[in-house]
Novice: 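Take this structure, written in structure tokens, and hold onto it; I'll ask about it next.
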Amino acid sequence: MQPTVNLFIASGGKHDEKAAKIYLHTLYANTKRDLNITWLSPETMDSDWNRTCWGTPFTCYRYAIPHMMNFKGKALYTDVDMINFRDIGRLFDTDLEGKPFGMVWDALQDNGKKGRDLGYPRGFWCDSVLLIDCEKAKDFVDPIDKIKKWKNFSYKWEVMRKLGSPHREKTREMVHELDPRWNSFDGTDPSSTPANGSTKFTDKKQFPLDMIWQLHLTALSYQPWHPKYTPHAKASHPRQDLMEEWWRLAKIVNSI
């Protein structure tokens, strides 16, 4: 028997209900595995988290997962703003090769002042899809009370600091690089760098829809359900084919 997929999904709660319904529909449509789903949102987590500097209502909950798993077994984290196209069990079964984390490389991520001072190119690991060996992750997360009281923008950067360096090659002992098709930013290959030196994600390599395993609708202004916690203006998504697929799925979900 294949192991149950321990899946933690972070959302803005009621603000992301439409996205959650579509994501769940696609997850179950593409797998026969048992899914043990835990929701991470302000409505399901303890109220004593300091969320004042978070970019979303759920930004730092993901680093409580090793604690919630009692530092045992494997867990998979994703944001809610996704559409699944391939058996999520295949991602969960990824061999981390003894490393605590599995993430996709984001070639345009700003790797901070330290990275810039050292002359490193842009790019760092993206934790919006995060595969975790909970026992090994114990060395990289603080006690839960410290995480809850964290005052900076995101506890993520404390974890990244503990990984040792803003340089890709120097963190490979701690991070297993996942196939970018598991976290396709708005239809792009997040690991690719635009040939023209652009820092716009729309200039990255585009995946055809049938090559995307997990679509991540990253730009808050482009999200068709328009969560109310975002301050961004509404905009049209640059990939019409992706929006047509989202609305097709919305019709299916609404008819169930």
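None of these values were measured; they are calculated from a predicted model.
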Novice: Is it true that Phe185 and Ile9 fall in one hydrophobic cluster, defined by side-chain heavy atoms closer than 4.5 Å?
Specialist: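 No, it is not one cluster - the side chains of Phe185 and Ile9 are not joined through contacts under 4.5 Å.
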
Novice: Determine whether the side chains of Asp189 and Ser184 contain a donor N or O and an acceptor N or O closer than 3.5 Å.
Specialist: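 Note: Asp189 and Ser184 side chains miss the donor-acceptor criterion.
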
Novice: Return all side-chain donor-acceptor pairs below 3.5 angstrom for residues 138-145, not counting sequence neighbours, or 'none' if the list is empty.
Specialist:
| unit_1 | atom_1 | unit_2 | atom_2 | d |
| --- | --- | --- | --- | --- |
| Asp142 | OD1 | Lys162 | NZ | 3.2 |
| Asp142 | OD2 | Tyr155 | OH | 2.7 |
| Asp142 | OD2 | Lys162 | NZ | 3.2 |

Novice: Whether the Asn36 and Thr4 side chains hold a donor-acceptor pair (N or O, under 3.5 Å, no angle test) is what I'd like checked.
Specialist: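 Result is no, nothing qualifies.
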
Novice: Looking just at side-chain N and O atoms, do Asn183 and Gln214 make a donor-acceptor pair shorter than 3.5 Å?
Specialist: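 On atom types as modelled, these side chains do not qualify, holding no pair under 3.5 Å.
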
Novice: Is it true that a side-chain atom of Asp106 and a backbone atom of Ser191 form a donor plus acceptor pair closer than 3.5 Å?
Specialist: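 It does not hold such a pair.
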
Novice: Say whether, by atom type as modelled, one donor and one acceptor occur between the side chain of Lys204 and the main chain of Pro190 under 3.5 angstrom.
Specialist: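 Pair found, side chain donor or acceptor close to backbone of Pro190.
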
Novice: Does Asp16 use its side chain to pair, donor to acceptor, with the backbone of Ala19 at less than 3.5 Å?
Specialist: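 Here the side-chain-to-backbone pair does not exist.
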
Novice: How would you list, by chain and number, every residue that makes a side-chain hydrogen bond (donor to acceptor under 3.5 Å, both in side chains) with Asp127, sequence neighbours excluded?
Specialist: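 Testing Asp127 for side-chain hydrogen bond (donor to acceptor under 3.5 Å, both in side chains), a comparison that skips the adjacent residues, returns Arg62, Tyr63.
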
Novice: Between Thr188 (side chain) and Lys205 (backbone), is there a donor-acceptor pair under 3.5 Å?
Specialist: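 Pair absent, no side-chain N/O of Thr188 close to backbone of Lys205.
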
Novice: Less than 6.0 Å separating the ring centroids of Phe8 and Trp39?
Specialist: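 So the answer is no for these two rings.
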
Novice: Can you tell me if Asp133 uses its side chain to pair, donor with acceptor, with the backbone of Glu135 under 3.5 Å?
Specialist: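 Pair found, side chain donor or acceptor close to backbone of Glu135.
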
Novice: Is it the case that the side chains of Asp186 and His216 hold a donor-acceptor pair, with the cut-off being a distance below 3.5 Å and no angle test?
Specialist: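 No, no side-chain donor-acceptor pair sits under 3.5 Å.
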
Novice: Taking the side chain from Arg33 and the backbone from Pro3, do they hold a donor-acceptor pair closer than 3.5 Å?
Specialist: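 Confirmed, Arg33 side chain pairs with Pro3 backbone.
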
Novice: Does Leu40 share a hydrophobic cluster with Phe101, counting links as ILVMFWY side-chain heavy atoms below 4.5 Å and allowing steps through other members?
Specialist: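 Same hydrophobic cluster.
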
Novice: How long is the straight-line distance from CG of Leu215 back to OH of Tyr23, given to the nearest 0.5 Å?
Specialist: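 Tyr23 OH to Leu215 CG: 10.5 Å, rounded to 0.5 Å.
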
Novice: Can you find a side-chain donor-acceptor pair between Ser128 and Tyr77 that sits under 3.5 Å?
Specialist: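 Absent: no donor and acceptor within the cut-off.
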
Novice: Is a side-chain donor or acceptor of Glu43 paired with a backbone partner of Lys14 at a separation under 3.5 angstrom?
Specialist: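 Indeed, once roles are kept as given, a pair shorter than 3.5 Å links the two residues.
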
Novice: Are any side-chain N or O atoms of Arg239 and backbone N or O atoms of Gly187, one a donor and one an acceptor, separated by less than 3.5 Å?
Specialist: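 Indeed, once roles are kept as given, a pair shorter than 3.5 Å links the two residues.
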
